[in-house]
Amino acid sequence: MNKFYLSIGALLATMIVTLSLLWLHYVEHKSISHYRELVSHLGHDIVEIRDEITLSSINGLDAPYQLNRQLVSIEREVHKIEKLYKDNKLEGVFFHQLDINNALTDFHDSALEVTDALDHIVGVIVARNSVLSSIQAKTVQGSSHEASKGVAVEHILASFDSSSSVSPDLERLSLTFSGLVEQEKLLFSIVLSGTNVGFVEHAEHILTDLTTVVRDRVAALLFVSILLVFSILGLMGWHRAKELKRNSIAYQESVEKAEQASNSKSLFLATMSHELRTPMNGVLGVAQLIKEQTTELETKKNAQTIINSGEHLVTLLNDLLDFSKMEQDKLKLEAVAFGVSNVVDSIESALKPLALNKQIDLNIVNQVPENVELIGDAARLRQILFNLIGNGIKFTEHGQVDLNIQYVMHQKHNLEIKVTDTGVGIERDKLDRIFNAFEQAELSTTRKFGGTGLGLSIVKQLVDLMGGSVDVFSQPDVGTEFTIKLSMPVQILKSELEFEDLDTGKETSVKPDSSTGLHVLVVEDNNVSALFFKSFCETEGYQVTHVYDGSEAIDFLKGNHVDLIVMDNHMPKMNGVEAIRQIRQGLKLKTCIFACTGDVFKEAHDEFIAAGANFVLTKPLQLDSLRRAIARHTSVIMGDYPKESNVVSLTRSPIESLPLTEEEISTSELLNGDTLEEEMKTDLLKTFVEEIEQNVEKLIEAYRSESTGSLFNVLHSIKGITAEFGLSDVSHRAEKCEVVSRGGTIPPMEELQLLVNLLLVNIHQAERILERNVAVEAQKESL
């Protein structure tokens, strides 16, 4: 680093010196050029007047006084140069002062010598002409003009020499004339001498050479300056590149460290989740068994309190895990049917005691009809309500907290939730911050009321994930009201086993009669969790075998048949994922397998499915969840799967036999929005029908050929197309099957057949929409 700055400093110093020299030479070049112009102009004036006087000496002077004035002017200009020389004020000359001074001095001396001689010549010519006129007047009467010519003068002078009768006056005039002629010749010899003839050219030549020398130096200095500029830029560019490379390496290292930290955090959360959920599974499991088995009302009530408290503790744990998953964009929503009353009852059971302890009222009004079931993620909706109502109770000292849930049919946002309290309220300028993570309206809030500041942040992110909106209105010391609007598909329960679609029809579920005598293998290293599973299965009339790890399970299955396997994940010797993989690929068993884990991250669940699990249960386990899982997979548990081949199991059922209420295409936001024109929507529907038809055939063929690679490709294509059209149920099922096929395992036939059925009903509905659109267009044209 120091070498770089020293190098840059040296180059910059050299650059400054070079530019200074360049500037001085440029100024000198300009000054020398100026002096050369002065000398050239003045020298040519001297030559011009010299030639004029020379001709005048032969032809006679017409304006001698004008010539004298010109000579005086030239001498003044020459003296100016002399003054500059004497006063040493040759401005702009720095490197060639001696040469300039010598050249100007030579010019000055020669110029003055010539002008002085020319001035005398003019005087001699005037005097000579005057004497000549006097001689002519005395010798030749009336021909003064002709006598002025050289021949006449020589003739007169010759007559003087040969005559002895010349008057003294003529002799004196003749002698004077001869003297003037000799003086004129002498002066012309000075003017026309070799030195004085070429002094102008000599001075110009010297100044021109100096100009050339300085110009060449200017060019050389300019070239050096350019080289220095490029050297500085090159050095800075090299240093910048080196610095960028160093920064890039540092950035990459920081990214890797951040990824490692993120992975470490995820691993920590997953581990802590498992470690905390495993004992909670035992606590809640035993409490549920007590509630199921006891006939005493008070005991059932106490067991329910334990369950509610445990669920509350799990909810707090979920807040931290969910926030982490939201940060990593890994939180996925479920889409299953549930009753709002179940969610509300759970909330009321958990939070009512908190309100009573603070002597405030908790009023819950559920206006959703009992026969209406929502299709979505019940746990996330419960989490939203729990956080909002919990906050209301926490920040309310007197008064009440109200929950109002309203269902509005045939509107985009068909579920409206209002949570109102009479608590401390929030100032208007602080409302925007309450949804930020780890932040509350005031720092004093944390000290007074406690809390992590994650509740409202998770509410906002969950509502956004559900495609809804959340608004808040608050006044200090008056209270706060949260309004949430969600778009949730619903279904109406018509009878115990039949459902009818209201908005966007979804999967119907039928609870089959549980067959007694099933043999269940529980693979669990935690004795409390194993006790819960065993007690539950025995209550349902199942036979249970318990082993402690995957290795023992493999050994047991080599010589024994079971109908259902419940497999934990983190176990000694062999974990659950590896055990399932060995069961599917090593033992070639198709036995129904429920994975059970405290890991809540999607990657852990996907790993189970890819290994060959039929379903994944999350700890702490609820009895209802286990019952629903068994009911959903009854056919597989009872052995209703192909023993030898899957060739004939996957078929295209007649459309009349399929539940048309399960179609989703008619409620697709892509087709019902205002973004696309009707013609474009029609083209999209046609494309949808064509592509889904092709993929259905490919799916059946891939399943018939038992090619997991082909299954993966076609399932991936189906997932992408259906997701683009907003068919969430179809896309979700295709994704689940895709994960299984990616692991080299054929997905369960029941799942694939259900997927094919859903695709067929959506194709059928799309064709009906197209037919209706054609009819509408035809009617418009007829009008």
Side-chain angles (χ1 to χ4, degrees), residues 6-51 70-71 73-116 118 191-237:
L6 288 174
S7 301
I8 288 292
L11 287 173
L12 286 176
T14 306
M15 183 71 180
I16 293 173
V17 173
T18 303
L19 290 177
S20 300
L21 292 174
L22 177 63
W23 172 252
L24 293 175
H25 279 80
Y26 169 76
V27 173
E28 185 174 57
H29 179 272
K30 189 175 180 181
S31 299
I32 295 174
S33 299
H34 176 66
Y35 289 125
R36 185 187 62 181
E37 291 177 2
L38 292 177
V39 168
S40 177
H41 177 71
L42 190 59
H44 285 87
D45 288 344
I46 294 174
V47 172
E48 183 179 354
I49 197 171
R50 182 191 65 187
D51 294 342
Q70 291 179 3
L71 289 171
S73 176
I74 289 172
E75 288 177 350
R76 288 176 180 172
E77 295 298 325
V78 172
H79 282 300
K80 285 183 180 179
I81 297 176
E82 180 187 27
K83 183 174 177 58
L84 288 174
Y85 164 69
K86 289 182 178 180
D87 294 342
N88 196 23
K89 293 182 179 179
L90 294 175
E91 297 179 0
V93 178
F94 307 100
F95 305 101
H96 299 87
Q97 288 191 5
L98 181 60
D99 296 332
I100 296 295
N101 287 339
N102 291 337
L104 294 179
T105 299
D106 292 342
F107 176 80
H108 169 268
D109 294 343
S110 297
L112 288 182
E113 184 178 2
V114 171
T115 54
D116 182 66
L118 290 175
V191 172
L192 299 177
S193 65
T195 302
N196 292 328
V197 170
F199 77 96
V200 176
E201 289 78 2
H202 178 70
E204 286 181 336
H205 178 70
I206 292 176
L207 294 175
T208 300
D209 289 344
L210 289 175
T211 303
T212 302
V213 170
V214 176
R215 182 192 62 197
D216 293 341
R217 291 185 181 178
V218 168
L221 289 171
L222 182 61
F223 179 73
V224 172
S225 300
I226 294 174
L227 285 180
L228 288 171
V229 169
F230 278 106
S231 298
I232 293 173
L233 293 178
L235 185 59
M236 292 180 67

Got [X] and [Y] here, is their nearest side-chain heavy-atom distance under 4.5 Å?
| X | Y | value |
| --- | --- | --- |
| W23 | V27 | yes |
| L42 | F107 | yes |
| E28 | L24 | no |

State which residue, out of L228, L222, I226, fulfils the side chain to side chain contact (heavy atoms under 4.5 Å, CB included) condition with V224.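 Testing V224 for a side chain to side chain contact (heavy atoms under 4.5 Å, CB included) against L228, L222, I226 leaves exactly one candidate, L228.
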Taking only residues at least two apart or on different chains, which pairs with a member in residues 201-229 satisfy ring pair (Phe, Tyr, Trp, His ring centres under 6.0 Å)? none
Nearest heavy-atom pair of H25 and V214: which atoms, and what distance?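 So the minimum-distance heavy-atom pair works out to O-CG1, 3.1 Å.
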Roughly how far, to the nearest 0.5 Å, is [atom2] of [Y] from [atom1] of [X]?
| X | Y | atom1 | atom2 | result |
| --- | --- | --- | --- | --- |
| H41 | I74 | NE2 | CD1 | 9.0 Å |
| E201 | E204 | CD | CD | 6.5 Å |
| R36 | S31 | CZ | OG | 12.5 Å |
| D106 | I206 | CG | CD1 | 6.5 Å |
| E77 | L38 | CD | CG | 8.0 Å |

List in chain and number order the residues that pass salt bridge (charged side-chain N to carboxylate O under 4.0 Å, His left out) with E37, two or more places apart in sequence or in another chain; answer none if no residue qualifies. none
Distance-only check: which donor-acceptor pairs under 3.5 Å involve side-chain atoms of residues 7-16, not counting sequence neighbours?
from : atom 1 : to  : atom 2 : distance (Å)
S7   : OG     : K3  : O      : 2.8
T14  : OG1    : A10 : O      : 2.8

Mind checking what makes side chain to side chain donor-acceptor pair (under 3.5 Å) contact with D216, not counting sequence neighbours?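 With neighbours one apart ignored, the set is empty.
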Across all chains, not counting sequence neighbours, the side chain to side chain donor-acceptor pair (under 3.5 Å) partners of H108 are E82
Test side-chain contact (heavy atoms from CB on, under 4.5 Å) applied to L207 and I100, step by step: CA-CA 7 Å; L207 294 175; I100 296 295; 3.7 Å; yes
